[in-house]
Amino acid sequence: MTLLRDVCEHIRSKQAGPFWVTIDIWFNSRENFERFKDSLGIAPDVFEKLYNTDRESVKKIEVADFNLVKISYPRATPQGGMIERDLHSGQQCMRLLNQKLD
Amino acid sequence: MSIPSTKPIKIIVPCGSLGAGVREEEIEYGLARGAQAIASDAGSTDSGAAYLATGKSKNSRGAVKRDLTILMRAHARAGIPVIIGTSGQAGGDLNVDWTRDILLEIVEELKISPKIALLYSEQSKFDIKAYNSDGRIKPLSPLGELQNKTIDSCDHIVALMGVEPYIAALEAGADVILGGRSTDPAVLASFPIWKGAGWAPSWHAGKIGECGAQCTEKRDAAGVLLTIDHDSFEVEPLSVDNYCTPQSVAAHMLYENTNPFLLTEPGGELDVSDAKYEKIPDGNGVKVTGANWHKRPYTMKLEGAGGGMFQTIMFVGIQDPDVLIDVSGFHERFEEALNARAKQSIPKEEIDNFHISVRMYGWNAIDGAPVPKGTPPPREIGAMFVSTARTQELANSIAHACNPYFFHFPADMNKELPSYGFAFSPADIPRGQIFEFKLNHVIEVEDPLQLVRTIWTKELISANTI
C-alpha cells in the first residue's frame with residue numbers, strides 16, 4: 001500500500017480566487033508521477049468526500065515537466081464566512097497526505 | 001500607441017504588493033540596469049472580502065507610504081513612470097482615494113509635481129443591474145446567473161481593468177498612475193505593450209512578475225527586473241546574490257491558478273502551453289519564449305463584496321487529562337452544552353439566526369473532520385469559541401451567556417468543575433462583521449475604458465512648504 005505522503009515530494013494548496021481552491025502535488029519521481037497520477041486515491045470522488053465539493057466540478061491538470069498533478073475544486077463554504085477555518089486554504093492539502101494510492 | 005520600440009523594454013517590479021517592503025538598493029540596481037518604468041500591484045482578493053467591503057487597506061499606511069516614497073524618489077531622479085494597480089488592497093474607490101492621499105503627502109514632502117492619473121473601476125449597483133438585465137453579465141463556475149438581490153447585498157463592486165486604461169493614461173502623459181482593481185499581470189504588461197513590445201511576452205512577463213521575487217530561488221528578496229521584447233522576455237532578480245531558474249519561473253504559473261497554461265485576461269487569453277524557459281548563460285535570469293496571446297471579445301471580471309452577520313470569539317487552553325483522554329467526545333458534548341445555553345439566552349425571534357462552533361486547535365480545528373482512530377492526543381489543546389448572530393450585541397450576549405460553560409464545562413461530571421485557561425480579560429472579543437465575496441461573473445464591454453473613470457490630479461507644491 002502506498003500513501004500519497006510516501007511518493008509526494010511537495011504539496012501545497014491555496015485559494016485560486018475567492019471561490020476556488022487549487023492543490024499542487026509534486027511527485028518525487030517521473031516513475032511515481034506516471035504510476036499514481038490517475039490513482040483513485042486522488043480522484044474527484046475523493047474530493048467530494050474530503051472537501052464536500054461537487055465531483056463534476058473538480059478539475060485536474062497534469063504538468064509532466066514538474067511531475068505534478070494540479071487539482072482544483074470549488075470551495076464548499078464562502079471565504080471568510082461564518083464557519084471559515086482556513087481563509088487562504090493553505091492547509092487544505094494536508095488531509096490528502098494519508099490518501100491510499102494503490 | 002507610441003511608436004514600436006526596436007529595443008527591449010525594461011521594467012522594475014519592486015515587490016509583490018505595495019507596502020510589502022520595497023528595497024532601495026534593489027531599485028538603484030534596476031535603475032542602473034536601465035529600467036524605463038516601475039510597476040507593481042498593491043493588493044488582491046487573497047485575504048478575503050473585508051478590504052473591498054470596507055474600503056480599508058491590509059497594509060498599514062506607514063508601510064505603503066514608505067514603499068511609495070522610495071518609488072517616487074526613483075521617479076523624481078530617473079524621470080520614469082510609477083504604475084500602481086489594485087490600490088489600497090481591494091481597488092475600490094475608497095481604497096484608491098486612501099492611496100491617493102498618501103501619494104499627495106509624499107509629493108508635497110519631496111517637493112515634486114508629477115502628473116498623476118487615478119483610474120477608478122468601481123461600479124454602481126444601478127449600472128450593474130442595467131448591464132445584467134441587458135444580458136451582458138455571465139456567471140463563472142461555481143456561481144449561477146446574477147440576481148438583483150445579490151447585487152444589492154454588495155457594499156462595493158469593482159470591474160478588473162486590463163492594460164488599456166493604463167496605456168491611455170501613459171499616452172496622456174501620466175508620471176504616476178494609481179489604478180483601482182486591475183488584474184495583476186495587466187499592471188505590469190501595460191507599459192511594455194504601450195512601448196511596442198509583444199502582447200504575448202508582455203502578458204506572460206506580467207503574470208510571472210506579479211508577486212515580485214516569488215519567481216526567484218531566494219524569496220527573501222523583494223523585486224525582479226523584466227526585460228520584454230517582441231516575442232520573448234527575461235526575468236531576473238533585483239538583488240545580485242539571488243537568481244531565477246527555469247523551474248522557479250515556470251512554477252509561478254501554477255500559483256493561485258486553476259489552469260497553469262491558459263489565463264483569461266481582459267480582451268484575450270494568454271496561452272503558455274508551448275512556453276520554453278531557459279537559463280541565461282552567465283546571468284542570474286531566465287529567458288522565456290513561446291507564449292501566445294489570443295484576442296477575445298472584451299470581458300472584465302467583477303468582484304463584489306458585502307457584510308453579513310457579526311461574530312464574537314473566546315479562546316481557552318486545555319491541558320486537563322480528563323479532556324485529552326477523549327477529545328472528540330468532549331468536543332461534541334461541549335458544543336451541545338454551549339448551544340443549549342445560547343438558546344436560553346437569545347431572544348425568541350433570533351433563535352434560528354445564530355450559530356455557535358467550538359474549534360479544537362491541536363486536534364481537528366482546521367478541517368472539523370473526524371480524527372482517525374488511535375490518534376494520540378496532544379499535550380494541550382486550544383479551544384476557540386465562535387458565536388455568530390445578526391448584530392454584534394447579539395453575538396456578544398451569546399458569548400457572555402456561554403462564558404461560564406466555556407470556562408468550566410467538565411469532562412468528568414463526578415469531579416470538581418475544572419477551570420480552563422483564558423488568555424485575556426475580558427474573555428470575549430467582539431470580532432466584527434463577516435464579509436463575503438458575492439460575485440464570480442464577467443461583464444462584456446465594447447470599449448475597455450467603458451467602465452473606467454480617469455481623474456487627473458495636477459499637484460503643485462503648496463506655498464507654505466517652499
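As a basis for the values below, the full set of heavy atoms in this structure was taken, side chains included, without hydrogen atoms, waters or symmetry mates.
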Chain B contact residues among residues 6-13 of chain A, heavy-atom distance under 4.5 Å
A:R12
With a 4.5 angstrom heavy-atom cut-off, which part of B:L439 approaches chain A: side chain, backbone, both or neither?
backbone
Against chain A, work out which of B:I434, B:T258, B:L140 has the most heavy-atom pairs shorter than 4.5 Å and name it.
B:T258
Cut-off 4.5 Å, heavy atoms of chain A, and the answer for B:Q247 is both
Heavy-atom contact with chain A under 4.5 Å, split by part of B:S44
neither
Give a yes or no on whether B:K56 atom NZ has more than 12 heavy-atom contacts from other residues, nucleotides or ligands under 6.0 Å away.
no
From the list A:P74, A:S72, A:G17, A:S89, the residue making the most non-hydrogen contacts under 4.5 Å with chain B is A:S72
I'd like to know which of B:R359, B:E303, B:K301 tops the heavy-atom pair count under 4.5 Å against chain A.
B:R359
To the nearest 0.5 Å, how far apart are CG in A:D86 and CG in B:D367?
9.5 Å
B:E269, CD: over 12 other non-hydrogen atoms inside 6.0 angstrom
yes
Interface residue of largest heavy-atom contact number with chain B, from A:Q91, A:M82, A:R95, under 4.5 Å
A:M82
For residues 21-53 of chain A against chain B, heavy atoms under 4.5 Å, the residues are A:T22, A:D24, A:W26
Of the listed B:A250, B:A369, B:G308, the one with the largest count of heavy-atom pairs under 4.5 Å with chain A is B:A250
Sequence neighbours excluded, which residues qualify as ring-ring contact (aromatic ring centres under 6.0 Å, His included) partners of B:H331?
none
Between A:K70 (side chain only) and B:L254 (backbone N and O only), is there a donor and an acceptor less than 3.5 Å apart?
yes
For B:A50, is it the side chain, the backbone, both or neither that has a heavy atom under 4.5 Å from a heavy atom of chain A?
neither
Sorted by chain and number, sequence neighbours left out, side-chain contact (heavy atoms from CB on, under 4.5 Å) with B:S17 holds for B:D41, B:N59
Would you find a donor on one side and an acceptor on the other, under 3.5 Å apart, between the side chain of A:K14 and the backbone of B:D46?
no
In terms of heavy-atom contacts, does CD1 of A:I83 have more than 12 from other residues, nucleotides or ligands at under 6.0 Å?
no
Do B:S141 and A:W20 have side chains that approach each other closer than 4.5 Å (heavy atoms only, starting at C-beta)?
yes
Does any backbone or side-chain atom of B:F437 lie under 4.5 Å from a heavy atom of chain A? Answer side chain, backbone, both or neither.
both
Return the option, out of A:P78, A:G80, A:P18, with the maximum number of heavy-atom pairs under 4.5 Å with chain B.
A:P18
Portion of A:F66 that has a non-hydrogen atom of chain B nearer than 4.5 angstrom:
side chain
Quick one: CD1 on A:I61 to CG on B:N257, what's the gap to the nearest 0.5 Å?
9.0 Å
Please flag which part of B:T388 lies under 4.5 Å from any non-hydrogen atom of chain A: side chain, backbone, both or neither.
side chain
Gap separating the CD atom of A:E84 from the CD atom of B:E436, nearest 0.5 angstrom:
9.5 Å
Heavy-atom contact with chain A under 4.5 Å, split by part of B:Y255
both
Could you have a look at B:Q311, B:M309, B:E256, B:M384 and say which one has the most heavy-atom pairs with chain A under 4.5 angstrom?
B:E256
Separation between OG1 of B:T45 and CZ of A:F19, rounded to the nearest 0.5 Å:
9.5 Å
Exam field: side chain A:Q79 to backbone B:A49, donor-acceptor pair closer than 3.5 Å:
no
At a heavy-atom separation under 4.5 Å, does A:Q92 approach chain B through its side chain, its backbone, both, or neither?
side chain
Quick one: what part of B:L143 sits under 4.5 Å from any heavy atom of chain A, side chain, backbone, both or neither?
side chain
